[in-house]
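Each remark here refers to the structure printed beneath this line.
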Amino acid sequence: MKLWSQYFIPTLKESPADAEIASHKLLVRAGLVRKLGGGLYTYLPLGLRVIQKLTQICREELDAAGAIELWMPHVHPAENWQQGPRWAAAREIMFRADSAGDGKRGPREPEFVLGPTHEEVITPLVKAEITSYRDLPKNFYQIATKFRNEIRPRYGLMRAREFIMMDAYSFDVDDNGAIKSYHAMKAAYESFFRRVGAHTIAVEADTGVMGGSFSHEFMVPAEVGDADVIYNDESGYAANREKATSALVPADFVDAAPGGALEEFPTPGVVTIAALEAAPFSVPAEKQFKTLVYIGEGKPFLVILRGCDELEEAKLGALGFAVFRPATPDEIEPVLGAKPGSLGAVKGTIKNAAALAGVFADQAIRLVGDGTTGANKDGFHLRNVNVARDLAVTKFGDFRRVRPGEPDVKSGQPLQVRRGIEVGHIFILGTKYAEKYGAAYTDDQKQSHLMVMGCYGIGISRTMQAIIEHSHDADGILWPWNCAPFHVLVCVLDPQLPEAMEIARKLAAAAGRAGADVLVDDRAERPGVKFKDADLIGIPLRLTIGGKGLKEGIVELKWRAQKDVAKVPLADAEARVAAAVAEAQA
RNA sequence: CGGGGUGUAGCUUAGCCUGGUAGAGCGCCUGGUUUGGGACCAGGAGGUCGUAGGUUCGAAUCCUAUCGCCCCGACCA
């Protein structure tokens, strides 16, 4: 039991100017957090209590799933990362953790970095400590602070530079073992999110090395989410926009036969899809090819899409380049022979085809049949470009961004889109890290094999905010019972009356015995202030004890989420409170 | 990092365009009246106007630079 007057809950009437969304405003107004700097927050006592509830439930679920808790350093030798597969890609978002020095030394490679995640630490550990199949599988986790120098911290805890995350890493003898570990974690996640009252949906995400459906993100639907979920309720299909596909090209689709010979025609000044759509050319975007040039690990490659489609850049990850970026016009011209706006991938028109690392085409271009594309000659395009006959495609794939309304791959029903907050992610990593760090084991035939890894994350602090985002009203937060900072608020309107405080203590004790965490508002404030604060901080069950009620011999019992107030005779109050707590816990 | 904003008391802000004594509300302190949904009266404390240069007789206000913060884009739990 805590007395409000002796605790620390700095509530605010007004929202801070830098808070944009409801959950961010409420985090600050309800006295859960305070900002230190961009993306850096102090967890005040109330906020910390919520975090502790979440971590405890998370721990229970993971332990039940067979995962083992440990604790790793957050200052990592940069060397660990330099040995790993993603130093080049990850260093941008990593904090360096060297001596602050005197600022006089010039730039140099960092000696230490702050951990944004821990594959680079856990894998060498497991390599050193586990060498036999007898010691596998293992799944290690920690619940700890993570550091990412976010390019743009945003929305309070939603995207912070320092945040609290559960991260787990599974090690198995083979793919089947990894899949088993994966499903155990998926079940643990579902149980965790259900228990804490976060209504998540599991959506398919980028699967990386394994393919299939071995990556899921857990999303809390919310307008302010920063990820798009493409879904169809009937078929149950749900995928991150970066991953989502549609049945745009029927499985039995047969490419059209060439309709005519290639023909070059002048298009002075035409450098956009839209300009080619307009008169006098009047080529619909669906009949155009869009040719994009990227640089992957130093080498240029082409991506071809329909003129009407957008590239989903994340899908280029499937091509296997560690780092890639759009090419600049200066880089494009020497390779293709023209400036952007007149580019194409037709055989024989590419100035220096040998320089290309590949020509990757979205499968939807097959629908185009005979289309129009740049001639790799400024001011000229080609028509009657037939995919099969004229394009030198290295590999077809799925590179376009899905649009709502397209047919679902499962049911053919139209896809829909909604926004969500990503609060968890599970992923089978394969042997990518095991290979780099030499994490191998010996099987019962004395053969050595690489371990197959999985990694799993839950954004604990983000989950706290996501819960607020979908569980609040105009007056404040509505905490789900299991993650509420306190379960019961005993609101004493006349704390100067010894009788009132005595009853408050009695009821608080009764609630406590029933298993509730109790906060007693004993402040010498006016009732209005107390009620407003009570609604703001959102404790699920409120008991009100006031001079008026005491004269009638009653106390009031009110659920934060409901309007009605129950008047309970003093004699029954302890039993009623205990029953209410028991009911809420069930 | 690109684009757009913004910085005035613990919080929310007016004043800036058109240079001339820094204002309000909330919160805080004192006293009084109040007391079931953010009370009222009286008094009070609290501000290098983000920072550094510049223009000017004079700068919160105009100019330059710089830093912080917020929003839009690429990244992620």
Side-chain angles (χ1 to χ4, degrees), chain A residues 10-21 24-25 28-29 31 34-40 54 58 89-94 116-118 143-168 189 198 200 205-206 217-220 225-227 240 242 311 313-314 317 323-326 420-427 455-466 475-476 491-497 500 524-536 542 544-552 555-556 558 565:
Chain A
T11 58
L12 258 35
K13 270 192 202 177
E14 290 182 284
S15 300
D18 59 12
E20 184 85 355
I21 65 174
H24 184 190
K25 290 176 181 171
V28 179
R29 285 190 56 212
R34 284 294 183 268
K35 182 164 76 178
L36 174 65
L40 301 171
L54 294 172
C58 183
R91 60 183 301 177
E92 273 302 303
I93 59 136
M94 291 171 68
T117 169
H118 280 68
I143 301 175
T145 302
K146 291 279 176 284
F147 301 89
R148 292 185 195 172
N149 194 6
E150 289 292 343
I151 303 161
R152 180 150 88 89
R154 203 181 343 191
Y155 296 156
L157 303 180
M158 209 75 101
R159 182 175 309 186
R161 287 196 164 106
E162 184 182 319
F163 57 98
I164 300 168
M165 178 168 128
M166 182 291 297
D167 52 319
Y189 270 45
T200 54
D206 196 11
E217 288 172 351
F218 287 76
M219 315 282 298
V220 176
D226 50 5
N240 186 310
E242 294 176 357
L311 172 67
E313 208 171 69
V323 287
F324 55 85
R325 59 170 174 82
I421 300 163
E422 183 189 348
V423 289
H425 196 171
I426 55 180
F427 198 91
C455 69
Y456 315 88
I458 293 177
I460 298 288
S461 44
R462 179 184 283 185
T463 298
M464 171 163 90
Q465 185 167 353
D475 296 314
C491 195
V492 189
L493 298 185
D494 302 283
Q496 75 285 1
L497 298 177
E525 289 288 349
R526 296 168 58 83
V529 174
K530 293 183 171 231
F531 289 138
K532 287 289 183 188
D533 273 347
D535 289 344
L536 180 60
R542 187 181 88 197
T544 307
I545 301 168
K548 279 189 183 175
L550 291 185
K551 276 179 199 160
E552 296 174 42
V555 298
E556 289 162 21
K558 180 183 178 300
V565 177

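Computation of the quantities below employed the complete heavy-atom set of this structure, encompassing side-chain atoms and omitting hydrogens, waters and symmetry-equivalent molecules. Throughout, a chain's letter reflects where its sequence line sits, starting with A, and its residues are numbered from 1.
The NE2 atom of His24(A) lies 6.5 Å from the NZ atom of Lys35(A); values are rounded to the nearest 0.5 Å. Remark: His118(A) NE2 to Met165(A) CE distance equals 9.0 Å, nearest 0.5 Å. For the atom pair Met464(A) CE and Ile164(A) CD1, the distance stands at 7.5 Å (nearest 0.5 Å). Within the model, atoms CD of Glu422(A) and OG1 of Thr463(A) stand 10.5 Å from one another, a figure rounded to the nearest 0.5 Å. Of the inter-residue distances, the one linking Glu556(A) atom CD with Leu493(A) atom CG reads 8.0 Å to the nearest 0.5 angstrom. Here the NZ atom belonging to Lys13(A) is positioned 10.0 Å from the CG atom belonging to Asp533(A), to the nearest 0.5 angstrom.
One P atom belongs to A45(B), the other to G25(B), and the distance between them is 15 Å to the nearest Å. Using C1' as the reference atom, C57(B) and G46(B) are 32 Å apart when rounded to the nearest Å. Between U56(B) and A14(B), the two P atoms lie 31 Å apart (nearest whole Å). Taking atom C1' in both U55(B) and G47(B), the straight-line distance is 26 Å, to the nearest Å. Spacing between C26(B) and C41(B) at atom P, rounded to whole Å, works out to 9 Å. Separation of the P atoms belonging to A60(B) and G44(B) is 26 Å when rounded to the nearest angstrom. Comparing the C1' positions of G58(B) and C67(B) gives an interatomic distance of 27 Å, to the nearest angstrom. C17(B) and A74(B) have their C1' atoms separated by 36 Å, with the value rounded to a whole Å.
Using Watson-Crick or G-U wobble geometry with both donor-acceptor distances under 3.5 Å, G2(B) finds its partner in C72(B). Pairing for G27(B) is absent, judged as Watson-Crick or G-U wobble with the two contacts each under 3.5 Å. Base-pair partner of U55(B): not found among the strands shown (Watson-Crick or G-U wobble, both distances under 3.5 Å). Nucleotide G7(B) forms a Watson-Crick or G-U wobble pair with C67(B), both donor-acceptor distances falling under 3.5 Å. For A77(B), there is no paired nucleotide, since no Watson-Crick or G-U wobble pair has both relevant distances below 3.5 Å.
Across all strands, Ala144(A) comes closer than 4.0 Å to no nucleic acid atom at all (heavy-atom distances). Residue Glu556(A) is in base contact, counting any heavy-atom pair closer than 4.0 Å across all strands shown. Among the atoms of the strands shown, base atoms are found under 4.0 Å from some heavy atom of Asp535(A). Counting non-hydrogen atoms under 4.0 angstrom, Asp533(A) reaches a base of the nucleic acid. Note on Val423(A): only backbone sugar-phosphate atoms sit closer than 4.0 angstrom, heavy atoms only; bases stay farther off. Here Met158(A) lies in heavy-atom contact (under 4.0 Å) with a base. Among the heavy atoms of the strands lying under 4.0 Å from Lys35(A) are primed sugar atoms or P, OP1, OP2 only; no base atom is included. Counting non-hydrogen atoms under 4.0 angstrom, Gly424(A) reaches the backbone sugars and phosphates but no base.
Here the C1' atom of nucleotide U34(B) and the CD atom of Glu525(A) are 14 Å apart, to the nearest Å. The CD-P distance, from Glu20(A) to C69(B), rounds to 16 Å in whole Å. For the pair Phe427(A) CZ and C76(B) C1', the computed distance is 13 Å after rounding to whole Å. Rounded to an integer number of Å, the gap from CD of Glu242(A) to P of A77(B) is 10 Å. Taking atom CG of Leu493(A) as the reference point, atom P of G38(B) lies 13 Å away to the nearest angstrom. Leu157(A) places its CG atom 15 Å from the C1' atom of C76(B), with the value rounded to the nearest Å. Going from atom CD of Gln465(A) over to atom P of A77(B) covers 17 Å, rounded to whole Å. Summarising the geometry, the separation between CG on Leu12(A) and C1' on G27(B) is reported as 9 Å, rounded to the nearest angstrom.
In this model, no side-chain donor or acceptor of Arg542(A) finds a partner on the base of G36(B) within 3.5 Å. For G38(B), its base sits under 3.5 Å from the side chain of Arg29(A) at one donor and acceptor pair at least. At a cut-off of 3.5 angstrom, the base of G25(B) holds at least one donor-acceptor pair with the side chain of Glu14(A).
Looking at the side chain of Lys13(A), the nearest of the listed nucleotides C26(B), G73(B), C69(B) is C26(B). For Lys532(A), the listed nucleotide lying nearest its side chain is G37(B); candidates were G37(B), U12(B), G36(B). Residue Met165(A) has its side chain nearest to A77(B) when only C71(B), A77(B), U12(B) are considered.
The shortest side-chain heavy-atom distance between Leu157(A) and Arg462(A) does not fall under the 4.5 Å cut-off. By the 4.5 Å heavy-atom criterion applied to side chains, Ile421(A) and Gln465(A) are not counted as neighbours.
Regarding contacts with the backbone of A77(B), every side-chain N or O of Tyr155(A) stays at 4.0 angstrom or more from both OP1 and OP2. An OP1 or OP2 oxygen of C76(B) is reached within less than 4.0 angstrom by no side-chain nitrogen or oxygen of Arg152(A). For the OP1/OP2 pair of A39(B) and a distance below 4.0 Å, the side-chain nitrogens and oxygens of Arg526(A) include at least one atom meeting the criterion. Between Arg148(A) and C75(B) there is no side-chain polar atom (N or O) within less than 4.0 angstrom of OP1 or OP2.
Both thresholds, 5.5 Å between centres and 30° between ring planes, are met by Phe163(A) relative to the base of A77(B), so the two rings are stacked.
Note: Tyr189(A) and Tyr456(A) have perpendicular aromatic rings, judged against thresholds of 30 and 60 degrees for the angle between ring planes.
Mapped onto RNA chain B by nearest heavy atom, Gly38(A) and Gly528(A) fall at different nucleotides, with Gly528(A) at the one closer to the 5' end. Nucleotides of RNA chain B nearest to Asp18(A) and Ser15(A) differ in position, and the one nearer the 5' end is that of Ser15(A).
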